[in-house]
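This structure is a prediction, so every number in the text was calculated from the model and none was measured. Values reported hereafter were calculated over all heavy atoms of this structure, with side chains retained and with hydrogens, waters and symmetry mates removed.
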Amino acid sequence: MRAGLVEDLHALAPLLEELDDRDPEIVAMRFGQEMTQAQIGERLGVSQVDVSRLLNRILAKLRKQMLTQN
C-alpha cells in the first residue's frame, strides 16, 4: 500500500464518523462489504438508482472535505 493511500485513509476515518444518518452504513456496505448498489437497495428498501444518487452525494461530500483539509 502506498504511503499517500495510508494517509488518505487516516484522514478519511474521522470524516466517515461525521456522516449523517445511514450514510456510514451505505459506505461500509459498498466499499467494506463490496455489496452492489442493487444489494444495498434491497437491504435499505430503496431502488438501485436511489443508492447510486446517495453514493454520489456521500462521495462528493467526502471528496470536498478531503480537499479542504489539505
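- Under the rule for a side-chain hydrogen bond (donor to acceptor under 3.5 Å, both in side chains), Glu18 has no partner lying at least two apart in sequence or in another chain.
- Annotation: the span from Met35 atom CE to Met29 atom CE amounts to 5.5 Å, rounded to 0.5 Å.
- No side-chain donor-acceptor contact under 3.5 Å links Arg30 to the backbone of Leu55.
- Every residue meeting the salt bridge (Lys or Arg N to Asp or Glu O under 4.0 Å) condition with Lys61, not counting sequence neighbours, appears here in chain and number order: Asp20.
- Each side chain to side chain donor-acceptor pair (under 3.5 Å) pair with one or both residues in residues 49-59, not counting sequence neighbours, appears once here: Asp23-Arg57, Ser47-Asp50.
- Judged as a salt bridge (Lys or Arg N to Asp or Glu O under 4.0 Å), and not counting sequence neighbours, Asp21 has no contacts.
- When the salt bridge (Lys or Arg N to Asp or Glu O under 4.0 Å) test is applied to Arg22, no partner is found at least two apart in sequence or on another chain.
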Worked check of side chain to side chain contact (heavy atoms under 4.5 Å, CB included) between Leu19 and Ile26: CA-CA 10 Å; Leu19 291 175; Ile26 294 169; over 6 Å; no
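- In this structure, Val49 is not a member of the same hydrophobic cluster as Leu59, with clusters built from ILVMFWY side-chain heavy atoms closer than 4.5 Å.
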Using distance only, find each side-chain donor-acceptor pair of residues 38-46 under 3.5 Å and give its atom names and separation, not counting sequence neighbours.
residue : atom : partner : partner atom : Å
Gln39   : OE1  : Thr36   : N            : 2.7
Gln39   : OE1  : Thr36   : OG1          : 3.4

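- Crowding of Gln33 atom CD: a count of heavy atoms from other residues, nucleotides or ligands under 6.0 Å exceeding 12.
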